[in-house]
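Input: a single structure, listed below in structure tokens.
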Number of protein chains: 2
Amino acid sequence: MLTDERYEKILKLLKKQNVAKLAELVEATGASESTIRRDLSELESRKKLKRIHGGASLLKSKTDEPTMIEKKDRYTEEKAEIGRRAASLIDDGDCIFIDAGTTTEALLPFVEAKQLTVVSNGVNIITESLAAGFHTYGIGGYVKSGTRAFVGKMAAEALMQFRFDKAFLGTNGIDQSFGYSTPDPEEAHVKGLAINQTSEAYVLADASKFKETSFAKFADLQDAFLLTATDSDPFLDEIEYDTNGKVVRLS
Amino acid sequence: MLTDERYEKILKLLKKQNVAKLAELVEATGASESTIRRDLSELESRKKLKRIHGGASLLKSKTDEPTMIEKKDRYTEEKAEIGRRAASLIDDGDCIFIDAGTTTEALLPFVEAKQLTVVSNGVNIITESLAAGFHTYGIGGYVKSGTRAFVGKMAAEALMQFRFDKAFLGTNGIDQSFGYSTPDPEEAHVKGLAINQTSEAYVLADASKFKETSFAKFADLQDAFLLTATDSDPFLDEIEYDTNGKVVRLS
DNA sequence: TTTAAAATGATTGATTTTGCTCGAAATATA
DNA sequence: TATATTTCGAGCAAAATCAATCATTTTAAA
């Protein structure tokens, strides 16, 4: 049995069972314990699986979503300030789009408007908006497990049916030449469409996103206002100069 | 039994029952009391559950609405049994529709399939399906605040783009002449469409729905299988006779 | 064919996990 | 309140698993 062949078998069995005991893998491959141990070490370093005492398990843990929860804890202060500022832009009776993500999630708690129509591609946002008592629309489509955002063709088509007064978007990178970007092209597409459908677009970002580029660009800097938690940052000044004032400052 | 396997089992059982006694967990895993105690300590420190004297309980997430929780408490046993039965109908690789509502929410915890595609009009269902690691689609549209269900024209159009192996629906009334009905015509419309798009439709209902009629009819009794928690009820026999066997009995 | 390199399987001592026991703490019962 | 029962946590020894090592086999290269 070739080495790669064993790797295949191990991963296949794992996918089937989620976890596998060392003895099971020995049985399935016909190799010795030592070899399987070495295989597991190798596959672990390749990020294909996780070794556990007595065997191995798949990486993706089905039940928990550490990314969302962990992310939420960080930068809480800054995000709250961003949310506060964004909320102050909203008028009673507005029809707004709120992007999926943790930064945009900080917006709704600060909204003062009594009457508001919220459209979102984020499951978490939808839940919050309902709890706040606003008229709420979700765009449909495939739901990404990480960010819990609707993406894909269905999401895009549904989005085309709306027009917004304001759109609030998250981002993963802001770069002077590459513009706004995010890791997933599918999500980037939805963000881009949202910007097309709105009168005013705002990108909400904390300082960790400055001068970063991600895989998929969704807008030029000119296409949206940049909204951050601070008023004085040299990077902000540069952006403001480049875009003829597309930066939100606290008035 | 591997450590991670036990963790999974413990959490799964907890999700199913909300609380679990130590003895139950010992029974379910085959491990000793000491080991389960150690597992619970570990899982508690990971914030996955809360230890209580005699066992463990879920820690309630603040995103759940109080109204939802209250409703959940009632008929819990019966709903769990309905969920169990419905889940047993699902095969690996199926593509299923799950209706919004509390009764249908009891389905997912019992699903054993590894690979499953879930389409739903319920925000709560979408969240659960994601947590369970399934491929998840949401139909879009206006979100009703009470049931947190997508409704309206957008929802209907989105639904038309899918075909299901099985559809699981909730209802508010089952009547021999009026068929299946629910209070909101908008929701009724979506339910009706879902039935059109599926090979097999199942209506999940507890005994409180028998001989009730609600405002808006969404299907005739012949259009779907009736799935309840019991096998012996005179009303079931009548339905079965009227519909030529459209009642699911435990086999 | 010869030689070097890589992979394998067995062995061994170290480490981790497990189940049991027992006194303490919490809960239920009288 | 007092007493009985259950549950808990810590310590310990047995069992399972692990990482490291080394001799042997297989593979590749010269």
Side-chain angles (χ1 to χ4, degrees), chain A residues 1-64 66 69-70, chain B residues 1-61 69-70 72-74 76-77 80 109 112 114 133:
Chain A
M1 161 119 23
L2 259 35
T3 307
D4 282 350
E5 222 175 316
R6 278 202 317 276
Y7 289 172
E8 289 280 329
K9 274 212 165 136
I10 290 172
L11 292 174
K12 197 172 161 192
L13 194 68
L14 260 183
K15 271 189 189 137
K16 202 167 85 183
Q17 311 185 162
N18 253 348
V19 292
K21 284 201 268 241
L22 197 72
E24 290 175 334
L25 295 170
V26 169
E27 165 83 14
T29 60
S32 70
E33 279 197 14
S34 298
T35 301
I36 299 297
R37 280 186 215 289
R38 274 186 282 255
D39 288 348
L40 294 185
S41 295
E42 173 61 25
L43 288 171
E44 179 173 43
S45 70
R46 289 193 200 170
K47 301 272 159 63
K48 301 287 188 190
L49 52 78
K50 193 178 84 185
R51 288 194 74 177
I52 56 181
H53 197 87
S57 83
L58 280 185
L59 278 176
K60 59 155 195 179
S61 53
K62 274 194 159 185
T63 46
D64 56 33
I69 295 168
E70 278 175 26
Chain B
M1 164 103 36
L2 261 28
T3 308
D4 278 23
E5 240 178 322
R6 279 201 317 273
Y7 289 172
E8 289 287 329
K9 274 221 164 115
I10 291 172
L11 292 174
K12 197 171 172 189
L13 195 68
L14 261 182
K15 282 214 173 116
K16 210 183 275 189
Q17 315 184 162
N18 258 353
V19 292
K21 282 195 273 201
L22 197 73
E24 289 175 331
L25 296 170
V26 169
E27 164 78 20
T29 59
S32 71
E33 278 195 16
S34 299
T35 300
I36 299 297
R37 279 185 216 291
R38 275 186 281 253
D39 288 348
L40 293 185
S41 294
E42 173 62 26
L43 288 171
E44 180 173 43
S45 72
R46 289 194 200 171
K47 302 272 163 61
K48 303 288 186 192
L49 52 78
K50 198 177 90 193
R51 290 193 72 176
I52 55 179
H53 197 84
S57 83
L58 285 183
L59 17 85
K60 61 167 188 182
S61 68
I69 290 170
E70 277 172 32
K72 244 182 184 167
D73 279 344
R74 285 180 300 205
T76 319
E77 295 267 315
E112 309 243 312
K114 289 259 183 284

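Quick note: numbers below take in every heavy atom, side chains included, and nothing from hydrogens, waters or symmetry partners. Lettering follows sequence order; numbering is per chain, from 1.
Straight-line distance from the CG atom of A/L2 to the P atom of D/dT26: 14 Å, rounded to whole Å. Atom CG of B/L22 is separated from atom P of C/dT27 by 15 Å (rounded to the nearest Å). In this entry the distance linking NZ of B/K21 with C1' of D/dC8 reads 17 Å, nearest Å. Look at CD on A/E5: it is 11 Å from P on C/dT8, rounded to the nearest Å. Rounded to whole Å, atom P of D/dC18 lies 14 Å from atom NZ of A/K50. We find that CD1 of A/I52 is positioned 13 Å from P of D/dA19, with the value rounded to whole Å. Spacing between atom CE of B/M1 and atom P of C/dT18 amounts to 11 Å, rounded to whole angstrom units. B/L25 places its CG atom 17 Å from the C1' atom of C/dT18, with the value rounded to the nearest Å.
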Output side-chain donor-acceptor pairs under 3.5 Å for residues 21-28 of chain B, partner residues at least two apart or in another chain, one line each.
{"residue": "B/E24", "atom": "OE1", "partner": "B/Q17", "partner atom": "NE2", "Å": "3.3"}
{"residue": "B/E24", "atom": "OE1", "partner": "B/K21", "partner atom": "N", "Å": "2.8"}

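Computed from C1' positions of five pairs at each end, the angle between the two local axes of the helix from C/dT1-D/dA30 to C/dA30-D/dT1 equals 40°, rounded to 10 degrees.
Residues passing the side chain to side chain donor-acceptor pair (under 3.5 Å) test with A/S57: none are found, sequence neighbours excluded. A/T3 is linked by a side chain to side chain donor-acceptor pair (under 3.5 Å) to nothing, counting only residues two or more places apart in sequence or in another chain. For A/S34, there are no side chain to side chain donor-acceptor pair (under 3.5 Å) partners at least two apart in sequence or on another chain. Scored by the side chain to side chain donor-acceptor pair (under 3.5 Å) test, A/T29 finds no partners at all (sequence neighbours excluded). Shown here are the side chain to side chain contact (heavy atoms under 4.5 Å, CB included) partners of B/E112, two or more places apart in sequence or in another chain: B/K12.
Screening residues 31-58 of chain A for salt bridge (Lys or Arg N to Asp or Glu O under 4.0 Å), with sequence neighbours left out, gives A/R6-A/D39, A/E33-A/R37, A/E42-A/R46, A/K50-B/D4.
Contact annotation: B/T3 side-chain N/O to D/dT17 OP1/OP2 distance is not under 4.0 Å.
Remark: B/Y7 OH to B/L2 CG distance equals 11.0 Å, nearest 0.5 Å. Atom NZ in A/K9 sits 10.5 Å away from atom CD1 in A/I36 (nearest 0.5 Å). In this structure, A/K15 NZ and A/L49 CG are separated by 10.5 Å, a value rounded to the nearest 0.5 Å.
Contacts between residues 33-43 of chain B and DNA chain D, counted as heavy-atom distances below 4.0 Å, involve B/R37.
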Nucleotide N/O of nucleotides 12-15 of chain C paired with protein N/O under 3.5 Å:
none

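In this structure the side chain of B/I10 reaches within 4.5 angstrom of the side chain of B/L40, judged on heavy atoms.
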